[in-house]
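Working notes, structure below.
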Amino acid sequence: MYLTGGMDSYAQLITVLVVFVVVLAIAAVVTKYIARYQKTQSSGSNIELLETVQIAAGKYIQLIRLGDTYAAIAVCKDTVTMLCQVPEEQIARRNEAGEPGVRFRELMDSMLHRESPTQRQGNALQKPEGEQTDGFDR
């Protein structure tokens with residue numbers, strides 16, 4: 001009797017985990033679909049936001065494209081001010097991922113191949129060969 005109850009619990013746990021994974025997969029697919037739909041809705045327009053940088057709380061500098069003209073604007077809580085026009089040659093375009101030439105895999109590889117904090121401390125305590133000391137670092 002006790003063994004059957006335990007098996008029931010495991011079956012329920014596995015069922016809940018499978019349902020959870022299915023819900024996550026559906027959410028991911030729907031999110032990608034909505035993002036693609038919104039991108040196609042805004043594409044082909046004459047106005048495009050290229051980049052935004054926050055300079056203070058509630059204050060931003062944005063680089064925008066209006067037709068064939070590029071401009072830098074300051075966006076505050078109640079105002080929008082044109083700062084200057086930017087020549088097209090000075091614009092560094094990003095790729096689809098958002099960063100200029102940086103891929104997620106390369107970013108993860110660089111993060112995973114870092115030294116651990118203990119290795120860094122050990123390397124910091126070692127002196128390069130031939131370095132002169134004043135005798136106070138013992």
Side-chain angles (χ1 to χ4, degrees):
M1 176 94 176
Y2 182 71
L3 184 61
T4 308
M7 294 302 265
D8 245 359
S9 297
Y10 287 124
Q12 287 177 351
L13 177 65
I14 291 173
T15 303
V16 168
L17 288 176
V18 168
V19 169
F20 179 69
V21 169
V22 168
V23 168
L24 283 179
I26 290 171
V29 169
V30 169
T31 302
K32 289 209 179 252
Y33 173 76
I34 289 173
R36 192 175 304 129
Y37 175 75
Q38 288 179 343
K39 187 175 180 179
T40 58
Q41 291 291 48
S42 66
S43 67
S45 64
N46 288 313
I47 301 173
E48 180 183 8
L49 175 64
L50 300 175
E51 192 169 343
T52 301
V53 176
Q54 184 174 8
I55 56 174
K59 298 180 183 187
Y60 302 89
I61 294 179
Q62 295 183 339
L63 183 61
I64 60 171
R65 179 183 60 83
L66 302 166
D68 291 333
T69 305
Y70 294 89
I73 60 172
V75 179
C76 299
K77 182 178 178 182
D78 297 328
T79 61
V80 176
T81 306
M82 182 171 159
L83 300 175
C84 65
Q85 287 189 352
V86 181
E88 187 174 356
E89 302 84 41
Q90 293 182 354
I91 304 294
R93 298 299 294 221
R94 292 179 171 192
N95 60 12
E96 292 295 318
E99 291 293 325
V102 176
R103 292 194 176 148
F104 182 72
R105 177 172 291 214
E106 294 170 358
L107 180 64
M108 286 301 292
D109 286 343
S110 69
M111 290 178 71
L112 292 175
H113 289 56
R114 284 186 173 172
E115 293 179 338
S116 70
T118 56
Q119 288 174 329
R120 267 186 261 133
Q121 286 176 349
N123 290 343
L125 296 176
Q126 296 174 354
K127 293 181 182 54
E129 248 180 74
E131 180 179 329
Q132 297 293 326
T133 63
D134 55 5
F136 293 110
D137 56 347
R138 291 185 192 173

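Please read these numbers as outputs of a predicted model, since none were measured by experiment. Numbers here simply count residues along the sequence, with the first being 1.
Atom NZ of K59 sits about 11.0 Å away from atom CD of Q54, to the nearest 0.5 Å. A distance of 10.5 Å separates CD of E48 from CG of L66, quoted to the nearest 0.5 Å. T69 OG1 to Q85 CD: the interatomic distance, rounded to the nearest 0.5 Å, is 5.5 Å. Atom CG of L63 sits about 4.0 Å away from atom CD1 of I91, to the nearest 0.5 Å.
Side-chain contact between V30 and I34 is present, with at least one heavy-atom pair separated by less than 4.5 Å.
With hydrophobic clusters built from ILVMFWY side chains whose heavy atoms lie under 4.5 angstrom apart, I64 shares a cluster with I47. Note on V86: it does not cluster hydrophobically with V53, by side-chain heavy-atom contacts below 4.5 Å among ILVMFWY residues. Taking hydrophobic clusters as Ile, Leu, Val, Met, Phe, Trp and Tyr residues chained together by side-chain heavy-atom distances below 4.5 Å, I61 does not share a cluster with L50.
The backbone N or O of Q38 sits nowhere less than 3.5 Å from a side-chain atom of R36 that would complete a donor-acceptor pair.
Under the side-chain contact (heavy atoms from CB on, under 4.5 Å) test applied with V75, the options T79, I73, D78 reduce to a single match, I73.
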